[in-house]
Amino acid sequence: MTSLSASLVRGAVTSPFKHPGRPGATLPTDRLTLPAAPTAPGPLAAYRRICGFPAPESGPLPLPYPHVLAFPLAMRLMTGRDFPLPVVGLVHTWIEITGHRPVQPGEALEPTVYAAELTAHRRGTEVTMVTEARVGGELVWESRSGYLSRHATKGGAGPKGEEGPKTGAGPKAGAGPKGEEVQAPALPAVAEWRLPGDLGRRYGAVSGDRNPIHLHPLTARLFGFPRAIAHGMWTVARCLAEAGGGPDERAGALRTVRAEFRAPVLLPATVTYAADPAGNAFALRSGRGRVHLTGTVTRAL
């Protein structure tokens with residue numbers, strides 16, 4: 001897996017010279033691709049363990065795993081000089097994933113990443129990043145992610161109207177507007193998870209995403225967080241592991257997911273996974289009812 005360290009450093013250096021909201025800003029047209037290769041079994045097994053996926057001797061990749069494999073490409077693109085938004089303070093607000101068919105670890109997967117769209121948002125500017133994965137030219141998996149660069153806008157709330165920190169060393173799960181109470185969805189509790197303080201370091205070691213906001217309270221405080229926060233993509237993966245059922249569930253049953261990041265999870269934490277009876281709508285919330293993540297899934301017929 002390509003190291004993200006160089007991209008994080010490059011992002012810290014280039015971000016002060018970028019001005020979100022600049023009229024006429026355009027996205028780079030580059031499409032970055034990793035060479036086709038089978039999935040390494042060691043990192044995959046570690047990912048399954050940290051996210052709670054069953055660990056069968058054979059079976060398809062967990063639905064979010066290709067995103068992890070391709071994320072270094074996305075970071076390389078977003079920290080490039082021709083990318084119009086500063087990566088420092090960029091907030092990961094949503095993700096959509098579609099698995100067109102189950103992907104086996106032994107298949108030679110070829111991930112590609114590109115920036116698809118730059119749109120005005122009431123709190124700033126949002127970019128849509130696309131990741132595609134192919135096997136022998138066949139599109140087998142794809143995702144779309146929204147990243148928000150918060151800044152003052154005409155007729156909208158600027159950064160001062162936001163809750164929580166406004167800087168960071170890379171994309172992070174977003175927080176809601178200041179003073180706005182995010183109501184927990186009417187979903188019954190299914191499971192309670194106690195998340196340790198070192199979860200960010202453990203997931204960072206597996207995923208390669210060693211953003212300082214996830215690693216330690218001291219480094220998180222540099223960017224305005226009182227404690228380290230969980231990776232947004234870990235929260236999605238952990239919920240999908242629960243939504244997919246246990247080892248007796250049919251492998252590869254989950255086909256799509258749409259998740260919205262509502263608020264960061266400060267570590268350590270105790271959180272509740274809630275879902276509808278069919279397991280097709282889910283949420284992650286804290287004991288006081290604060291919603292951190294909401295989402296929906298569809299399943300193979």
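Quick caveat, the model's predicted, so the values are computed rather than measured.
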Nearest heavy-atom pair of [X] and [Y]: which atoms, and what distance?
X    : Y    : result
E242 : V190 : OE2-CG1, 4.3 Å
L109 : V135 : CD1-CG2, 3.8 Å
P84  : P28  : CD-CD, 4.2 Å
P111 : A70  : CB-CB, 3.8 Å
L215 : G200 : CD2-O, 4.1 Å
L118 : L85  : CD1-CD1, 4.0 Å

Heavy-atom check, side chain of [X] versus side chain of [Y], under 4.5 Å:
X    : Y    : value
Y65  : T39  : yes
H231 : P264 : no
V87  : Y147 : no
V257 : F282 : yes
R285 : R262 : no
W94  : T128 : yes
V127 : S149 : no
L240 : P62  : no

Against the six-membered ring of F53, is R48 placed for a cation-pi contact (under 6.0 Å from the centre, within 45° of the normal)? no
Within this structure, what is the [atom1]-[atom2] distance for the pair [X] and [Y], rounded to the nearest 0.5 Å?
X    : Y    : atom1 : atom2 : result
R49  : L44  : CZ    : CG    : 9.5 Å
R150 : R122 : CZ    : CZ    : 12.0 Å
E132 : L139 : CD    : CG    : 5.5 Å
D82  : T29  : CG    : OG1   : 8.0 Å
M75  : L90  : CE    : CG    : 8.5 Å
R134 : E142 : CZ    : CD    : 8.5 Å

* Test side-chain contact (heavy atoms from CB on, under 4.5 Å) on I229 and V265 and set out the steps. => CA-CA 5 Å; I229 67 172; V265 178; 5.9 Å; no
| request: Just say parallel, tilted or perpendicular for the rings of W193 and W234, cut-offs at 30° and 60°. | output: perpendicular
**Prompt:** In terms of the angle between their ring planes, are Y47 and Y203 parallel, tilted or perpendicular, with boundaries placed at 30° and 60°?
**Reply:**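 The rings of Y47 and Y203 sit tilted, inter-plane angle from 30° to 60°.
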Ignoring hydrogens and geometry, is there a side-chain-to-backbone donor-acceptor pair from [X] to [Y] under 3.5 Å?
X    : Y    : result
H292 : A263 : yes
H216 : L218 : yes
D30  : L32  : no
R194 : T270 : no
W141 : L63  : yes
H92  : G232 : no
T93  : G146 : yes

_One pair to check against side-chain contact (heavy atoms from CB on, under 4.5 Å): M129 and F71. What are the steps and the verdict?_
CA-CA 10 Å; M129 300 295 296; F71 188 63; over 6 Å; no
**side-chain contact (heavy atoms from CB on, under 4.5 Å) between E117 and R144, worked out** = CA-CA 10 Å; E117 189 177 14; R144 298 174 67 87; 4.3 Å; yes
L199 and I50: side-chain contact (heavy atoms from CB on, under 4.5 Å), yes or no, with the steps?
CA-CA 9 Å; L199 177 61; I50 193 70; 4.0 Å; yes
Determine whether [X] and [Y] fall in the same hydrophobic cluster, where Ile, Leu, Val, Met, Phe, Trp and Tyr are linked whenever their side-chain heavy atoms lie under 4.5 Å apart.
X    : Y    : value
V236 : L267 : yes
V130 : L73  : no
Y114 : L34  : no

